[in-house]
2 protein chains.
Amino acid sequence: MKNSQSDATDLSAQIAKNIRDAIIDGRLIVDERLPSEAELSEQFSVSRPTVREALKRLAAQSLIRTQRGAFGGAFVNRLSYQEAYGQQITTSTLLLSMNDINIDVACEARFAMERACIALACERRTADHLATMRAEIHRQTQPGLSDESWCASDVAFHRALVDAAGNPVLSYQLSGAVEAMQPLMNMITYTARSREKIIDLHAEIADSVEQKQATPALESLDELSKYTKSLAETTLAKRQQKK
Amino acid sequence: MKNSQSDATDLSAQIAKNIRDAIIDGRLIVDERLPSEAELSEQFSVSRPTVREALKRLAAQSLIRTQRGAFGGAFVNRLSYQEAYGQQITTSTLLLSMNDINIDVACEARFAMERACIALACERRTADHLATMRAEIHRQTQPGLSDESWCASDVAFHRALVDAAGNPVLSYQLSGAVEAMQPLMNMITYTARSREKIIDLHAEIADSVEQKQATPALESLDELSKYTKSLAETTLAKRQQKK
DNA sequence: ATTTTTCATTTGTCTTACAATTAAAAGTCT
DNA sequence: AGACTTTTAATTGTAAGACAAATGAAAAAT
């Protein structure tokens, strides 16, 4: 027991935790300036490089931003949706790719969450959202679309669907679920036939949302979910067969 | 244009990005050892402190772990659910607290997502999940429970409900939505009356899930959603009245 | 009054050094 | 020979000091 804060962790980790806690429970508020690195190193009785390592940890989580020059320093950062999206997506992508998640499980989670958006989307969708969905469907019909572009367009379509729910918190929460699937989807081999079927389902969903009819939209989504899972299974089976 | 990677960003940020990208697209795999700090500083032509700042950034995202000693070093970390949960919750909490989110919007998002769990929960709930839900309901009936403990128990109940869906990816995605609500919920003043009503609804949900009846469970959840929103509105109205 | 210059402050980076830790390698004893 | 101990080399953790670069405020000049 060295001091009140100590673990087996680094000094820089302890200091970062200390400051992070202060931010989280409001002792440091948005745009407030932290003491300078020199002052912090005195306060915590560590060297400046150690303080800097702590600050970089916080910067990596977008909790602070730094500015050089007189009256510069480290400031508590207002976490924007943009940054939150980014972190969400990074974390989700890594979680899925590193833990050999069953693709079925991931699909189930994603479609369950998207399902939750349908009712709201039917209520609130704007012309913009519909236009985006149509545009992506159109892109998907283009011949000679690479598998990668196909998947990217698929993700864009689903993002538009989620955004159509008109709830930024919901969009944020689902960003990870939708985007993180892309690498997994990329592993699936899409035949022209399967693409066609998916495009049809996308169109059905867009139509239903446009007409504000939640029930058929849900049905199409469920169908899409089922079909995606079956594609994944087929791909997986073929892969294991090769072994 | 200084070099291929350069922005207006720090060197340490650039290096972190470089390594992060390598991890994300699989050029560095789980448990692989990164070059030593000395080697990295040579490779990137920067000093060791700069490399260290980059590594700390990655450590802050749980992308690497470090170990001292001979044959120690920085290793690509397998992102565990535990760590992913933590980051998810931190990010979500900060996003909500820093952007004066309308509590209605947050509620809507959370309940919409929980709704998505109900069907699966009815299918797969285990005795464990049910026991946890019951235990939390029981705790909620205890008199003299502080507002904070009440909210914590509420969160625990909903987590159990989410976990009952038996999909770890779903649990992960919802962890942020459920936990990040706690600070917002804490702002609500719960009367004995309102607590009682919420407990009843919790019990209804638990019963329905136990009996594998999704429809009544959804109804109770919707009722809970509506009631929570009305409580939030009341609190907000009173607060504005004081002004 | 406006523009320019100076200047102090602060972060960004580098250099060097040493402490702490750790696992392998070498050595020692039975 | 085998088990135990010591040494050693590699590596991260921390410290101290120095200078560069940026930046906004204050002072000076126009």
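Since the structure is predicted, the reported quantities are computational estimates derived from the model, not experimental observations. Quick note on labels: first sequence line is chain A, next is B, and so on, each numbered from 1.
Under the salt bridge (Lys or Arg N to Asp or Glu O under 4.0 Å) criterion, A/Asp163 pairs with no residue at all, not counting sequence neighbours. Partners of A/Thr189 according to the side-chain hydrogen bond (donor to acceptor under 3.5 Å, both in side chains) rule, which considers only residues two or more places apart in sequence or in another chain, do not exist here. Taking A/Asp31 as the reference, A/Arg65 meet the side-chain hydrogen bond (donor to acceptor under 3.5 Å, both in side chains) condition, with sequence neighbours excluded. With sequence neighbours excluded, the residues satisfying side-chain contact (heavy atoms from CB on, under 4.5 Å) with B/Thr93 are B/Ile89, B/Ala180, B/Pro183. Not counting sequence neighbours, the partners of B/Thr126 by the side-chain hydrogen bond (donor to acceptor under 3.5 Å, both in side chains) test are B/His129.
A/Tyr81 and A/Tyr172 have perpendicular rings, their planes meeting at more than 60° on a 0 to 90° scale where under 30° would count as parallel.
For the residue pair A/Ser146 / A/Ser149, a side-chain donor-acceptor distance below 3.5 Å is found, with atom types taken as modelled.
End-to-end axis angle of the helix from C/dA1-D/dT30 to C/dT30-D/dA1, using five pairs per end and rounding to 10°, comes to 10°.
Look at B/Gln67 and you won't find any side-chain N or O under 4.0 angstrom from OP1 or OP2 of D/dG13. Side-chain N/O atoms of B/Thr66 include none lying less than 4.0 angstrom from OP1 or OP2 on D/dT11.
Spacing between atom CG of A/Asp10 and atom C1' of D/dT11 amounts to 13 Å, rounded to whole angstrom units. Between the CZ atom of B/Phe75 and the P atom of C/dT22 there is a distance of 12 Å, rounded to whole Å. If you measure from atom CZ of B/Arg65 to atom P of C/dT22, you get 14 Å, rounded to the nearest angstrom. As a whole-Å value, the separation of A/Phe71 CZ from C/dT11 P is 13 Å.
Within residues 49-61 of chain B, the residues that have a heavy atom under 4.0 Å from DNA chain D are, in order of number, B/Arg52, B/Lys56. Of all the residues in residues 33-42 of chain B, not one reaches under 4.0 Å from DNA chain C with any non-hydrogen atom.
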Hey, can you pull the donor-acceptor pairs under 3.5 Å for the side chains in residues 57-64 of chain B, sequence neighbours left out?
unit_1  : atom_1 : unit_2  : atom_2 : d
B/Arg57 : NH1    : B/Ser12 : OG     : 2.6
B/Gln61 : OE1    : B/Arg20 : NH1    : 2.4
B/Ser62 : OG     : B/Gln87 : OE1    : 3.4

Pairs under 3.5 angstrom only: tabulate donor-acceptor contacts from the side chains of residues 153-161 of chain B to other protein residues two or more places apart or in another chain.
unit_1   : atom_1 : unit_2   : atom_2 : d
B/Ser153 : OG     : B/Glu136 : O      : 3.2
B/Ser153 : OG     : B/Glu136 : OE1    : 2.8
B/Ser153 : OG     : B/Gln140 : NE2    : 3.0
B/Asp154 : OD1    : B/His202 : NE2    : 3.2
B/His158 : ND1    : B/Arg110 : NH2    : 3.3
B/His158 : ND1    : B/Glu114 : OE1    : 2.7
B/His158 : ND1    : B/Glu114 : OE2    : 3.1
B/His158 : NE2    : B/Arg110 : NH2    : 3.0
B/Arg159 : NH1    : B/Glu179 : OE2    : 3.0

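Ion pair A/Arg78/A/Glu32 not flagged as a salt bridge, since none of the NZ, NE, NH1 or NH2 atoms sits closer than 4.0 Å to an Asp/Glu carboxylate oxygen.
No side-chain heavy atom of A/Ser80 sits less than 4.5 Å from a side-chain heavy atom of A/Tyr85.
The residue among A/Ala70 and B/Ala70 whose nearest nucleotide of DNA chain C lies closer to the 5′ end is A/Ala70.
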Between the protein and nucleotides 19-21 of chain D, list the N/O to N/O atom pairs that are separated by less than 3.5 angstrom.
unit_1 : atom_1 : unit_2  : atom_2 : d
D/dA21 : O3'    : A/Arg68 : NH2    : 3.3

Kindly give the atom pairs (protein nitrogen or oxygen, nucleotide nitrogen or oxygen) under 3.5 Å for nucleotides 3-7 of chain C.
none

